[in-house]
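The structure appears right after this line, and notes come after that.
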Amino acid sequence: MIFLYIQVILDPPSNITLTYRSDDLEIKWEKPEIQSEPDSCFMYNININNKEEVNISEKNIYITPKYHQNERIYVTIRVKWNEDCSKYQEWSAWSKPYIIGDNMKGGDDSTQLTPHHILIVIGVGTAIILIVIVLVCYRFRIWKKLFPQVPKPSMKLFEQVEENQKAAQKMSAAEIPLMTKDEEEFTCSNVTEIPETM
């Protein structure tokens, strides 16, 4: 075999077909349209549902029993030169996705749920549930049972506090006079001794 020094990035495979043969998924494609190179000059990389990648060389068909006919499958394929035919080992771009499955609608990928869609559904569902809970609580007056109103203190308590403050002010105004030293001596001098009786 002649070793080629071709430095060309190949076009992705075309005419990809997905069919079920009994319980096996069959993937077929056409090799790149470049000169008349044999099939053995190409290495293919097949991506199935972004979960499985398979490398195949020397043939344009891949059969796998891993997928059920009711599953939605999408496949992309890329190609590069085999090491025996060229030193240039860059992969081509991925082909456009090809889809097969029961819930497929003409190959339209817009029906697939993304994480963004799931977050929106969860957010809207949570908001609806919260609104329903608030309305039920309002309707059956559950708020008053869950959060009872704190009673206000009665006016008698305020009146007692005011009376106590007034009484304290009166007590502080009427100070008790203290005795001076002269008065103490005078009081002591009036006391006479009583003789002891035998």
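For R139, there are no salt bridge (Lys or Arg N to Asp or Glu O under 4.0 Å) partners two or more places apart in sequence or in a different chain. E30 pairs by the side chain to side chain donor-acceptor pair (under 3.5 Å) definition with N15, not counting sequence neighbours.
Taking the side chain as every heavy atom from C-beta outward, N45 and V54 never approach each other to under 4.5 Å. Side chains of I46 and W29 form a contact here, defined as non-hydrogen atoms less than 4.5 Å apart.
Counting only residues at least two apart or on different chains, no ring pair (Phe, Tyr, Trp, His ring centres under 6.0 Å) pair has a member in residues 118-138. Screening residues 46-66 for ring pair (Phe, Tyr, Trp, His ring centres under 6.0 Å), with sequence neighbours left out, gives no hits.
Checking Y74 against N50 by side-chain atom types alone, a donor-acceptor pair falls below 3.5 Å.
A continuous path of hydrophobic side-chain contacts links I48 to Y98 [ILVMFWY only; heavy atoms under 4.5 Å].
Through chains of ILVMFWY side-chain contacts below 4.5 Å, I122 is grouped with I118. Cluster partners of I129, using a side-chain heavy-atom cutoff of under 4.5 Å among ILVMFWY residues and allowing indirect links, are I133.
When all heavy atoms of N47 and E53 are compared, the closest pair comes out as ND2-OE2, 3.5 Å. Between K80 and L10, the shortest heavy-atom contact is C-CD1, 3.7 Å.
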